[in-house]
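What follows is one structure encoded as structure tokens, with my remarks underneath.
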Number of protein chains: 2
Amino acid sequence: MHESLTIGQLSARSGVAPSALRFYERLGLIHAQRTGGNQRRYARSELRRVAFIRISQQVGISLDEIRAALDSLPASRTPTASDWARLSSVWRERLNERIRLMTKLRDDLDSCIGCGCLSLQRCALYNPGDSLGGEGPGARLVLPRTEGEPEVDVRAS
Amino acid sequence: MHESLTIGQLSARSGVAPSALRFYERLGLIHAQRTGGNQRRYARSELRRVAFIRISQQVGISLDEIRAALDSLPASRTPTASDWARLSSVWRERLNERIRLMTKLRDDLDSCIGCGCLSLQRCALYNPGDSLGGEGPGARLVLPRTEGEPEVDVRAS
DNA sequence: CTTTGAGTTGAAGTGAACTTCAACTCAAGG
DNA sequence: CCTTGAGTTGAAGTTCACTTCAACTCAAAG
């Protein structure tokens with residue numbers, strides 16, 4: 001009866017807009033069968049893929065990287081629990097790194113609030129190796145990629 | 001001698017590209033005097049503004065919101081330490097919330113790796129913890145992009 | 001003075017992740 | 001059969017945060 005899902009159903013159950021699902025398909029992140037009338041029919045396993053995509057995005061991973069990760073899943077068989085576990089554990093590292101960076105930023109910000117200085121030299125908020133930079137055009141990630149070596153010093157205002 | 005900075009100097013000292021500084025100026029985030037030859041000269045206090053902007057971005061705040069925050073600084077006088085501290089402490093709340101969410105996501109992901117399931121009902125990755133209402137899983141995305149009412153349930157793959 | 005490197009402008013381009021649109025077709029109830 | 005809501009397409013539009021470009025001018029060293 002409901003062995004396959006329409007795009008509307010997949011959208012409703014995943015919380016992802018139909019337009020986004022079509023977009024994901026164009027990028028090769030998900031796949032669909034077609035009916036005689038050319039409409040998409042999704043296997044239930046696609047729901048899990050969509051779940052993985054959304055979770056990955058929350059971890060701060062680009063669709064491009066997510067696609068690469070999904071491509072590493074076995075094409076021949078339906079992914080098993082351990083397949084998903086393997087992917088997730090990689091994301092876990094990323095997430096931990098992000099948490100570490102944000103925590104450091106918060107602590108640095110705390111000490112800056114203490115003195116109200118924003119004197120980046122002393123407070124090390126600009127301390128390179130953790131943050132700043134970003135090369136090339138295009139949108140910035142909310143949390144920066146590593147690199148950059150500014151010499152910041154705002155002692156005299 | 002260096003009571004004011006050229007755009008190249010401000011760029012070097014802040015680690016922000018000149019094009020970005022001009023862009024910030026267009027958005028009203030920073031300000032510059034002009035020389036007779038129409039070149040920008042920045043007061044040293046602008047360095048602190050740029051510092052605040054970059055830190056704010058790392059906290060995950062949009063330029064639009066940053067502008068709003070900067071607009072709340074007194075226009076008449078040079079901002080004091082406590083002015084900056086006031087702004088920073090607001091950001092600190094945001095940062096803490098983000099850390100909290102990331103940490104929860106990591107913990108949820110951990111439990112998912114344990115069973116490798118990504119079965120969002122059981123692993124609660126999609127469950128905000130309390131609002132599992134009614135029949136079936138009333139599960140939702142933890143951080144929905146837009147509004148919506150997804151009912152996620154991937155039990156059968 | 002000449003050269004060179006730094007600065008100026010507005011307009012257009014970039015990349016990510018989508019959404020919106022117009023102009024259709026398909027599927028199901030009455 | 002007819003209507004209606006759901007689905008189809010490619011192309012274009014949107015937002016954010018910038019960068020790149022062309023075509024200049026300015027500032028300082030030699």
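Throughout, a chain's letter reflects where its sequence line sits, starting with A, and its residues are numbered from 1.
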inquiry  = Among residues at least two apart in sequence or on other chains, which ones pass side chain to side chain donor-acceptor pair (under 3.5 Å) with B:Asp107?
reply    =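 Expected list: none.
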For A:Arg41, the side chain to side chain donor-acceptor pair (under 3.5 Å) test, sequence neighbours excluded, returns A:Gln39
Interatomic distance where [atom1] belongs to [X] and [atom2] belongs to [N] [whole Å]:
X       : N      : atom1 : atom2 : value
A:Gln57 : C:dA16 : CD    : C1'   : 10 Å
A:Ile61 : C:dA16 : CD1   : P     : 15 Å
B:Phe23 : C:dA12 : CZ    : C1'   : 14 Å
B:Ile66 : D:dC16 : CD1   : P     : 12 Å
A:Ile30 : C:dC18 : CD1   : P     : 11 Å

Those residues that, when tested against [X], pass salt bridge (charged side-chain N to carboxylate O under 4.0 Å, His left out) (two or more places apart):
X       : value
B:Arg26 : none
A:Glu65 : A:Arg94
B:Arg67 : B:Asp64, B:Asp71

Nucleotide by nucleotide, nucleotides 4-11 of chain C touches protein heavy atoms under 4.0 Å in the pattern (B base, S sugar-phosphate only, - none) ---SBB--
Closest-nucleotide mapping onto DNA chain C: is A:Asp64 or A:Thr35 further toward the 5' terminus? I mean the 5' end.
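Result of the comparison: A:Asp64.
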message: Check the phosphate of D:dC18 against B:Tyr24, side-chain N and O only, distance under 4.0 Å to OP1 or OP2. Yes or no?
response: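 It does, given that an N or O in the side chain of B:Tyr24 lies less than 4.0 Å from OP1 or OP2 of D:dC18.
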Pick from A:Ile55, A:Val59, A:Ile53: which one makes a side-chain contact (heavy atoms from CB on, under 4.5 Å) with A:Ile66?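 Only one of A:Ile55, A:Val59, A:Ile53 forms a side-chain contact (heavy atoms from CB on, under 4.5 Å) with A:Ile66, namely A:Ile53.
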